[in-house]
Amino acid sequence: MTRKHTMLTASVCAGVVLGVTGCGGEGDDGPKSGGKSGSAVKEKDRRSSGSGDTESSSDGRKAPSGVEKLSARDILAKGAEATASASTLRVSTADSATGSIDLTMDKAGNCAGTFTNEGFTNRVIRKGDKVWLKLEDAYWNDPVAKPILDKFPDAREKYLHGDTQDAFVLMMASAYCELGGPDGFAKLSGDGAKLTKGAVTTVEGVKAVPVHIDSAKDGTSTVYVATEGRTYMVKADSQKPKGTLLLSDFGKPFTVPSTPPARDTLDAAEIEKLSMNAG
């Protein structure tokens, strides 16, 4: 693989915190001391947005669910089930060593937001299987983009566009949008890890119970499940790769941004092929 293709691919491969998927399984130990939540992306904005959960009492408070009384395995299952049922959600990251994301998505496969990796910040819009990807100027200013700009001088102003199966860059750019689908958190019930629950703590203003996951394959991670209202997963810390995934805005109205007109797009598959064959 040439450096040119590596750069194009690396600019969209934000493999941030999905080390928690595939975890779960053996062991249901008692409470550990709950840790403090890490610093968050746009913390003030996130706290003002809330969880979006509408199951509240007459005075606006969410009713306790009692989920923290369950075993670690059952807490994780409840969290995965509730999160997978959300019609919409927002996923962002904090303290990630490999990149960052801030995406809002729904169960229909629609998604919009930004992600950063290898120093590049990109904007993505997805409607069903169609993806529009806008690479920032930092990518186009790199010498590796010259072959593309030689053929398409206005490429930096365009969106790469196509089907999710048309180009690897589009598949990777929209990979996190799959978290909004019905199977987005299904893998959390996998086998082979030791689970222990911790004491209830507060995560981004939400009371949550942590489930500590110790996997020989994926290392250690912690998933935080809300204890009031719906049992959504509100945070996931991972050591492999190291980072924090934050979830919020469950069920809040989400309108996909208008998609760029054809004149403002380039065929993503053609751009990827040019990148692969250059030099």
Side-chain angles (χ1 to χ4, degrees), residues 16-21 23-24 29-57 60-86 88-97 100-105 113 176 179-180 184-185 188 195-214 219-239 241-252:
V16 187
V17 196
L18 286 187
V20 295
T21 58
C23 294
D29 297 344
K32 282 186 177 180
S33 57
K36 296 181 180 179
S37 64
S39 61
V41 175
K42 301 180 181 178
E43 180 175 356
K44 182 177 179 181
D45 174 57
R46 177 169 300 284
R47 288 186 176 181
S48 66
S49 67
S51 70
D53 191 340
T54 58
E55 296 184 1
S56 305
S57 60
R61 293 180 301 177
K62 296 172 186 174
S65 66
V67 67
E68 71 277 9
K69 300 174 184 178
L70 303 177
S71 69
R73 185 186 306 186
D74 288 343
I75 293 171
L76 192 61
K78 286 281 189 181
E81 179 182 10
T83 305
S85 71
T88 62
L89 72 155
R90 177 184 173 192
V91 178
S92 62
T93 54
D95 303 327
S96 174
S100 65
I101 59 174
D102 191 350
L103 299 169
T104 301
M105 60 202 70
Y176 271 89
L179 289 176
F185 293 90
L188 281 171
L195 306 182
T196 56
K197 68 177 180 180
V200 174
T201 184
T202 300
V203 176
E204 304 303 312
V206 177
K207 289 186 178 181
V209 57
V211 175
H212 307 289
I213 304 168
D214 188 2
T220 59
S221 56
T222 302
V223 173
Y224 295 79
V225 176
T227 61
E228 297 178 343
R230 295 291 304 278
T231 56
Y232 295 122
M233 296 189 301
V234 294
K235 178 182 175 183
D237 289 328
S238 175
Q239 294 300 316
K242 184 175 178 59
T244 296
L245 192 69
L246 303 170
L247 297 91
S248 64
D249 294 359
F250 303 98
K252 281 198 169 184

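Index from 1, following the sequence. These values consider heavy atoms only, across backbone and side chains, with no hydrogens, waters or symmetry-generated copies. Keep in mind the model is a prediction, meaning the values are calculated, not measured.
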Heavy-atom donor-acceptor pair, [X] side chain to [Y] backbone, under 3.5 Å:
| X | Y | value |
| --- | --- | --- |
| Ser85 | Ala82 | yes |
| Lys197 | Glu68 | yes |
| Ser65 | Thr227 | yes |
| Thr231 | Ala226 | no |

For the pair Thr201 and Tyr224, evaluate side-chain contact (heavy atoms from CB on, under 4.5 Å) and give the outcome as yes or no after the intermediate values.
CA-CA 9 Å; Thr201 184; Tyr224 295 79; 3.8 Å; yes
Polar contact flag, side-chain donor to acceptor under 3.5 angstrom, Thr244-Asp237
yes
For the residue pair [X] and [Y], establish whether any side-chain heavy-atom pair is separated by less than 4.5 Å.
| X | Y | result |
| --- | --- | --- |
| Leu70 | Lys78 | yes |
| Asp102 | Arg90 | yes |
| Ile213 | Leu195 | yes |
| Leu245 | Ile101 | yes |

Check [X] against [Y] and note the closest heavy-atom contact, atom names and distance.
| X | Y | value |
| --- | --- | --- |
| Phe250 | Thr83 | CE2-CG2, 4.2 Å |
| Val209 | Gly198 | CG2-O, 3.4 Å |
| Pro210 | Ala199 | CD-O, 3.1 Å |

How many angstroms lie between NZ in Lys252 and OG1 in Thr88, if you round to the nearest 0.5 Å?
9.5 Å
